[in-house]
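Here is how names work: the chains are called A, B, and so on, in the same order as the sequence lines, proteins then strands, and each is numbered from 1. What you see is a predicted model; the values in this text were computed from it and never measured. What you see below is based on every heavy atom in this structure, not just the backbone, and it leaves out hydrogens, waters and symmetry mates.
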Amino acid sequence: MDIHVSSLFPEILAMIFNYLDVKGKGRVAQVCTAWRDASYHKSVWRGVEAKLHLRRANPSLFPSLQTRGIKKVQILSLRRSLSYVIQGMPNIESLNLSGCYNLTDNGLGHAFVQDIPSLRVLNLSLCKQITDSSLGRIAQYLKKLELLDLGGCSNITNTGLLLIAWGLHNLKSLNLRSCRHVSDVGIGHLAGMTRSAAEGCLSLEHLTLQDCQKLTDLSLKHISKGLNKLKVLNLSFCGGISDAGMIHLSHKTHLWTLNLRSCDNISDTGIMHLSMGALRLYGLDVSFCDKVGDQSLAYIAQGLYQLKSLSLCSCHISDDGINRMVRQMHELKTLNIGQCVRITDKGLELIADHLTQLTGIDLYGCTKITKRGLERITQLPCLKVLNLGLWQMTEVKGLGDASEILPCYTS
Amino acid sequence: MPTIKLQSSDGEMFEVDVEIAKQSVTIKTMLEGKWYTGVDRWVTPPNVSSLICPQVIQWCTHHKDDPPPPEDDENKEKRTDDIPVWDQEFLKVDQGTLFELILAANYLDIKGLLDVTCKTVANMIKGKTPEEIRKTFNIKNDFTEEEEAQVKQVPFTLWHKKK
């Protein structure tokens, strides 16, 4: 006698439902009572983030999240108050309010009125009305926070960072993109330089300071002294950073990824400092640093040869620089040299001959390369992605004739 | 090469290489157990019939050199489009056999086999309405009107899995 699906006990049904998308998980609940009950298993909803429009009061909403053990929520539009959400989800672990432009200090203040020890992740990016006052609330009641995203919250000042440094000792990831009032003083707070007032966020592993235009090399000094667990540092568009700042960073042996995109003052000298220190970087991005040239590639080959990802888009490099680098960079998997207009087929041949582990390469805007060079590149054994367009990536599978993928390049 | 015997629920005996059988964590644990000294060793998984046993053995034999399956990462997207071609062919069986394989893999704790069989069933569910699912698996709708309305009320269409 054939076994029927009803022989599969609830734990097994839950395992199967785990493979469905959220809509599917909802639909199976409507099949029969046994499937409904199995679909409520918390294992089915592990890791799921509920995305909610809070238009009208739905009394079954929070209980249904609770039954399924869902603890991550993104609010798509904040029509009702935030306190409605916090009250409905006392064990919330992750709250994503990205883009809720109508969230005010007031609203946040009414919502966070007591300790919420379960909350680990808070995303307030583009909540443009938020000020330091909210950070005070956050520092007081969300002490277990590990990730805080304040990207685009341009009202934040150094005072806000002092509050963060005072209250959020578990913070591992902080995003301050475009928080333009932030200056070296604020970074000092984070790094524990104001020990009498605030211990600092010494557990920080990811720090994004993109577009914090007021920062100077002094910030990097603070970072090098205080943030000893930092793995990923994004300083893109920080126009105040210079080569001298790289000396401070060169001591940070645990730094994995450094983003210096569009840091106009960075030149070959800065790259030299990075290469001569104790850094073991895996990823470096100096795209649009137009003072970076072939000499930098020589330095990188000497001191940063373990790099897995290197971006030099729009830098003043030539085939000569490629030549100086390729024989040492055995681990390189991603190379972005888009808009490097001096690169020719000769450079591509060098890459094709030596960078055998390469899985992705960006050659958009390399106007001197031809079909010949590209054919060599497409022969790289591990290559999966070849970018030749501004926004598109071409997947390279079962590599065929180069002219199929690149009609615009003629020999 | 040392072997172990599997006795199916209907009494038949199947002999398997120990190394192949060890893909079953259940069997592996038994073999490493302190009380295990006998030469004549066998395992009797319940509900694993003499028709399913050889199929399980066949799967394990084909996968004997596979690396151990990775730990489940709750944040990783769960895919169902990555079932290896051999497994896809192997699993072109009737539903009854498929469910028996799931139960056997579950009892014998063979993660790889459990994963691909569950993925296969998930693929049979994907994209179908509740009524279509009932037809596919010959399931009776045992909801009362009230229960059915309640289940439909939750706004699932607003929820998407985190990318």
#### Entry: Value rounded to 0.5 Å, distance of CG in A:Leu8 from CD in B:Glu100
11.0 Å
#### Entry: Euclidean distance, A:Phe9 CZ relative to B:Ile102 CD1, rounded to 0.5 Å
10.0 Å
### Task
For side chain to side chain contact (heavy atoms under 4.5 Å, CB included), just list the numbers for A:Trp35 and B:Ile133, CA-CA rounded to whole Å, side-chain angles, deciding distance to a tenth of an Å, and then say yes or no.
CA-CA 11 Å; A:Trp35 282 39; B:Ile133 295 172; 3.6 Å; yes
### Query
Once you round to the nearest 0.5 Å, how far does CD1 of B:Ile139 lie from OG of A:Ser6?
8.0 Å
### Task
Could you look at B:Asn123 and say if it's the side chain, the backbone, both or neither that has a heavy atom under 4.5 Å from chain A?
neither
#### Entry: Reported OG1-to-CG distance for the pair B:Thr80 and A:Leu20, which is rounded to 0.5 angstrom
8.0 Å
### Minimum heavy-atom distance between B:Asn106 and A:Met15, given as atom pair plus value
OD1-CE, 4.1 Å
### Message
Rounded at 0.5 Å granularity, tell me how far CD in B:Glu148 sits from CZ in A:Arg36.
### Response
10.5 Å
### Task
Go through the steps to decide whether B:Val121 and A:Val5 satisfy the test side chain to side chain contact (heavy atoms under 4.5 Å, CB included), and finish with yes or no.
CA-CA 10 Å; B:Val121 178; A:Val5 73; 5.7 Å; no
#### Entry: Donor-acceptor pair, side chain of A:His4 and main chain of B:Gln95, under 3.5 angstrom
no
### Pairs meeting criterion salt bridge (charged side-chain N to carboxylate O under 4.0 Å, His left out) with involvement of residues 102-126 of chain B, two or more places apart
B:Asp72-B:Lys111, B:Asp82-B:Lys119, B:Lys111-B:Asp115
### Task
Could you tell me whether a side-chain N or O of B:Arg134 sits under 3.5 Å from a main-chain N or O of A:Val31, the two making a donor and an acceptor?
yes
### Query
Rounded to the nearest 0.5 Å, how far apart are SG of A:Cys32 and CZ of B:Phe137?
11.0 Å
### Query
What part of B:Leu98 gets closer than 4.5 Å to chain A, counting heavy atoms only: side chain, backbone, both or neither?
neither
### Message
Within the supplied structure, the quantity of interest is the number of heavy atoms (other residues, nucleotides, ligands) at a distance under 6.0 Å from A:Lys144 NZ; does it exceed 12?
### Response
no
### Task
For B:Phe143, look at atom CZ and say whether over 12 heavy atoms of other residues, nucleotides or ligands are found less than 6.0 Å away.
yes
### Message
Ignoring hydrogens, what is the shortest heavy-atom contact between A:Arg27 and B:Thr129? Give both atom names and the distance.
### Response
CD-CA, 4.1 Å
